[in-house]
Amino acid sequence: VEDSRDTLIQSLTTSYASLLSMEEQIHALNSQINLLKSQLKTLALQYKVGLVTKLDFDKQATNLKDLQFSLTSLINSYNNLAMVLEKPWI
């Protein structure tokens, strides 16, 4: 019983540390997404006046979508881990 309790405490501690790390990653991804959105607006104007190619614009748009997908995946992982922390007996 003591070993099970210690294992559970260690598991919860590790999960909590992972949650904190994920929160930092979520904030960082949000910052990157906001920056990329701003850059994409500038790039759209540059494309409109002929300073950059459509390919350059599309690369940035794809990068933005990739970051948004990564953020969604990370949020899902965070929520799953939070659920485990809220109900560790499941």
Side-chain angles (χ1 to χ4, degrees):
V1 175
E2 188 68 28
D3 287 342
S4 296
R5 183 175 159 262
D6 290 343
T7 302
L8 178 62
I9 289 171
Q10 183 178 2
S11 174
L12 290 174
T13 303
T14 302
S15 295
Y16 183 71
S18 295
L19 274 180
L20 294 177
S21 174
M22 286 180 179
E23 284 178 2
E24 290 176 11
Q25 291 173 6
I26 287 169
H27 291 300
L29 276 175
N30 273 325
S31 296
Q32 289 177 349
I33 287 170
N34 290 334
L35 178 62
L36 201 53
K37 283 180 180 178
S38 175
Q39 291 174 346
L40 196 59
K41 287 179 185 177
T42 303
L43 209 56
L45 292 173
Q46 290 175 336
Y47 171 68
K48 194 172 187 176
V49 297
L51 295 175
V52 296
T53 65
K54 176 83 168 122
L55 181 61
D56 293 332
F57 178 80
D58 288 344
K59 281 182 187 178
Q60 281 292 78
T62 301
N63 288 342
L64 177 60
K65 288 180 182 182
D66 289 345
L67 279 178
Q68 289 171 331
F69 178 77
S70 294
L71 178 62
T72 301
S73 296
L74 185 58
I75 289 171
N76 287 338
S77 296
Y78 177 90
N79 289 335
N80 289 336
L81 188 54
M83 186 177 68
V84 168
L85 271 174
E86 289 173 5
K87 299 177 183 178
W89 55 89
I90 293 181

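Everything numeric in this text was worked out from a predicted model, so none of it was measured.
- Every pair passing salt bridge (charged side-chain N to carboxylate O under 4.0 Å, His left out) that includes a residue from residues 43-56 is listed here, sequence neighbours excluded: Lys54-Asp58.
- Using a 4.5 Å cut-off between side-chain heavy atoms of Ile, Leu, Val, Met, Phe, Trp and Tyr, Val49 falls into a hydrophobic cluster with Leu51.
- Among residues two or more places apart in sequence or in another chain, the side chain to side chain contact (heavy atoms under 4.5 Å, CB included) test is passed with Asn79 by Ile75.
- Separation of atoms CD1 (Ile26) and OG (Ser21) is listed at 10.0 Å; rounding is to 0.5 Å.
- Applying the salt bridge (charged side-chain N to carboxylate O under 4.0 Å, His left out) test to pairs two or more places apart or on separate chains, none has a residue in residues 19-38.
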For residues 9-16, run the donor-acceptor check on the side chains, cut-off 3.5 Å, and write out each pair with its distance to 0.1 Å, sequence neighbours left out.
residue	atom	partner	partner atom	Å
Thr13	OG1	Ile9	O	2.8
Thr14	OG1	Gln10	O	2.9
Ser15	OG	Ser11	O	3.0

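- Listed by first and then second residue, the side-chain hydrogen bond (donor to acceptor under 3.5 Å, both in side chains) pairs that reach into residues 61-73 are Gln60-Asn63, sequence neighbours excluded.
- Once rounded to the nearest 0.5 Å, the distance linking CG of Leu29 with CG of Leu67 reads 6.0 Å.
- Distance check: Asn34 CG to Gln39 CD gives 11.5 Å after rounding to the nearest 0.5 Å.
- To the nearest 0.5 angstrom, Leu40 atom CG is 11.0 Å from Leu35 atom CG.
- Leu20 CG to Tyr78 OH: the interatomic distance, rounded to the nearest 0.5 Å, is 7.5 Å.
- Nearest approach of Ser18 to Leu81, heavy atoms of both residues: CB-CD2, 3.5 Å.
- Within the structure, salt bridge (charged side-chain N to carboxylate O under 4.0 Å, His left out) pairs that include any residue of residues 4-20 comprise Glu2-Arg5 (at least two apart or interchain).
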